[in-house]
Amino acid sequence: MSERQIMKLFHGITNIGDDIIEEAMEAQPNRVRKMPSPWVRLGMAAACVCLIMVGVLARTPLGEQPAAMPADSGEELAPFAVSEGDSATRIGGGKGGEATGGQIKSNSLCPYAETRYFSDQQEQLEAENVIPSMEEHPIFTCAAHYNEDGSLYSLVFQWHREGEHYSNLQITVAEQPIEEPNDCILVEVDENGQPIETKPTIIERDGVSITTEGKEDQEKTMTFQNDSGWYQIAGSWNDTFSDLDGLLDWVLAHPVDLSRFPIEAGDNYQSCPLAEKPNAFANYLPDFAGYGFVEEEAHLNLKNGTPVRFEGHYVAHVDKALVESGTYYDTEGYTLMHWCFETEPNVYDFQNSAGELKDLTKKQVLNILEKESSITFTWDGYATTVFPQKADEAWMLIQSLQDSLD
């Protein structure tokens, strides 16, 4: 990822400016009070990107590259490993976000060529006993990865739950042992910074030898191979080995038929610049340019060729040439606007919604953005989430949408 992409994500999504970083540095006693070097700041931004990506995954199909880092026009969205990505949110693997000391390594080499999704077939998969019913996990994703010849590389089922009882359970299936691509891998270290080797445990279940790794307050896996294929069951830091045991019992009793997931039967997600389909969602997006916002980057996610999601980064109060060159960060007075529009909202979009667009008031919007970094609202069954740097600018754009309802 280029420095410009990292800094755009860092500023555009977190809205953390240099002034805030400097203030935080000065607030710490007994430390050298100076701004980090550009390379240190770049490292901070890169770490932030890992955190951002995990958050995005909750609303993005497994394996899909978020539009904030778009692929080239028409290119299939790049994969992202979820279970390993969770490690990035807790450096060191501490429970509940507590840091216990660790290092992040990068490994993004992708071993497969294409990805398709069967997430919309959840009810059918449950009825066919391909997957268990997981009513306490509102978000389900099924991603199938394929080799260049169209043969199946691996199949990944994922069940996700946000909030206090966060959970991220996953079953990976393949004909042969595989190694999933990792964007962030947790390496636990001791007090001297030396890597701590983890020792797997071997257990027996129904005549099958199963390798278990991890701890109760860290990511954990159960891996085995039998006549039906290779399996890995994974859980997050907040999941227990009992949760994994339940999936293990299911898998042992319900072997997965991989031939059920041919590449032509899955949904294909791609990304393209908004400029390629400028009228997509035209009635649901503000006139950013008309209100002084310069587009830095705006992309669409396409599902089988049809736009299903928009994500745009905009900059106000700065010359367009500086935005296009990515050199506006040192300009005084610029503000950022990150705008997301979803045609397939999930349960958490509605749960976090401030209400219907037509019912929003200025006081309500400003009050929410005084406490939160974003605001979500619904309209015609769709969901919009706005990450503004200035609350009054967000209200200005929201009000313009309200005016369009008349």
Side-chain angles (χ1 to χ4, degrees), residues 1-22 35 38 41-42 44-46 48-49 52 56 65-75 77 270-302 307 309-342 365-366 369 373-375 384-404:
M1 186 188 305
S2 68
E3 178 178 354
R4 177 185 175 188
Q5 288 176 312
I6 291 175
M7 294 309 296
K8 180 185 62 174
L9 278 174
F10 178 68
H11 288 281
I13 297 181
T14 68
N15 290 330
I16 300 177
D18 293 343
D19 56 336
I20 297 177
I21 297 175
E22 185 170 12
M35 281 296 294
R41 291 171 59 196
L42 182 59
M44 294 165 62
C48 181
V49 168
I52 292 167
V56 171
Q65 175 177 318
M69 293 189 296
D72 294 336
S73 173
E75 182 178 344
L77 297 165
Q270 293 180 314
S271 176
C272 77
L274 177 64
E276 290 192 9
K277 295 179 180 291
N279 295 322
F281 312 133
N283 296 330
Y284 293 93
L285 299 177
D287 179 10
F288 294 104
Y291 287 89
F293 286 89
V294 179
E295 177 186 312
E296 182 179 29
E297 191 164 56
H299 271 74
L300 300 170
N301 283 3
L302 311 177
R309 187 174 190 270
F310 162 85
E311 183 168 356
H313 297 265
Y314 296 86
V315 186
H317 316 300
V318 67
D319 185 83
K320 182 176 181 180
L322 294 178
V323 177
E324 292 177 345
S325 64
T327 57
Y328 63 83
Y329 298 110
D330 295 326
T331 303
E332 292 288 339
Y334 76 86
T335 59
L336 305 171
M337 183 68 64
H338 179 198
W339 197 279
C340 301
F341 175 75
E342 303 273 353
V365 171
L366 298 185
L369 291 176
S373 62
S374 67
I375 182 171
T384 295
T385 301
V386 185
F387 299 80
Q389 189 165 344
K390 287 190 174 181
D392 57 345
E393 291 183 341
W395 168 247
M396 175 180 66
L397 295 177
I398 291 173
Q399 188 177 39
S400 73
L401 292 177
Q402 288 181 331
D403 293 341
S404 70

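The chain is numbered in sequence order, starting from 1.
The distance from atom OG of S325 to atom NZ of K320, rounded to the nearest 0.5 Å, is 12.5 Å. In this structure, the separation between CD on E324 and CG on D319 is 8.5 Å, given to the nearest 0.5 Å. The CD atom of E297 sits 10.5 Å away from atom OH of Y314, with the distance rounded to the nearest 0.5 Å. Annotation: the span from I375 atom CD1 to I398 atom CD1 amounts to 5.0 Å, rounded to 0.5 Å. Note that the OG atom of S404 and the CG atom of D287 stand 11.0 Å from one another [nearest 0.5 Å]. Between the CG atom in L285 and the OG1 atom in T384 there is a gap of 7.5 Å [rounded to 0.5 Å].
Listed here is the closest heavy atom pair of E393 and F293: OE1-CZ, 3.8 Å. Heavy-atom minimum distance, A280 versus P307: CB-CG, 4.0 Å. Smallest separation of non-hydrogen atoms from P388 and S374: CD-CA, 4.5 Å.
Using a 4.5 Å cut-off on side-chain heavy atoms (C-beta onward), V294 and Y328 make no contact. L397 has its side chain out of reach of V386: every pair of non-hydrogen atoms, C-beta onward, lies at least 4.5 Å apart. Between H313 and L336, the closest side-chain pair of non-hydrogen atoms is not below 4.5 Å. By the 4.5 Å heavy-atom criterion applied to side chains, Y291 and P286 are not counted as neighbours. Side-chain atoms of Y334 and L322, non-hydrogen and from C-beta on, never get closer than 4.5 Å to each other. Using a 4.5 Å heavy-atom cutoff, the side chains of S271 and H299 are in contact.
Side chain to side chain, H338 and E311 meet the donor-acceptor criterion of an N or O pair below 3.5 Å.
Taking the six-membered ring where tryptophan is involved, the planes of F310 and F288 are essentially parallel, since the angle between them stays under 30° and well short of 60°.
Taking Q402 as the reference, L357, L360, W395, Q399 meet the side chain to side chain contact (heavy atoms under 4.5 Å, CB included) condition, with sequence neighbours excluded.
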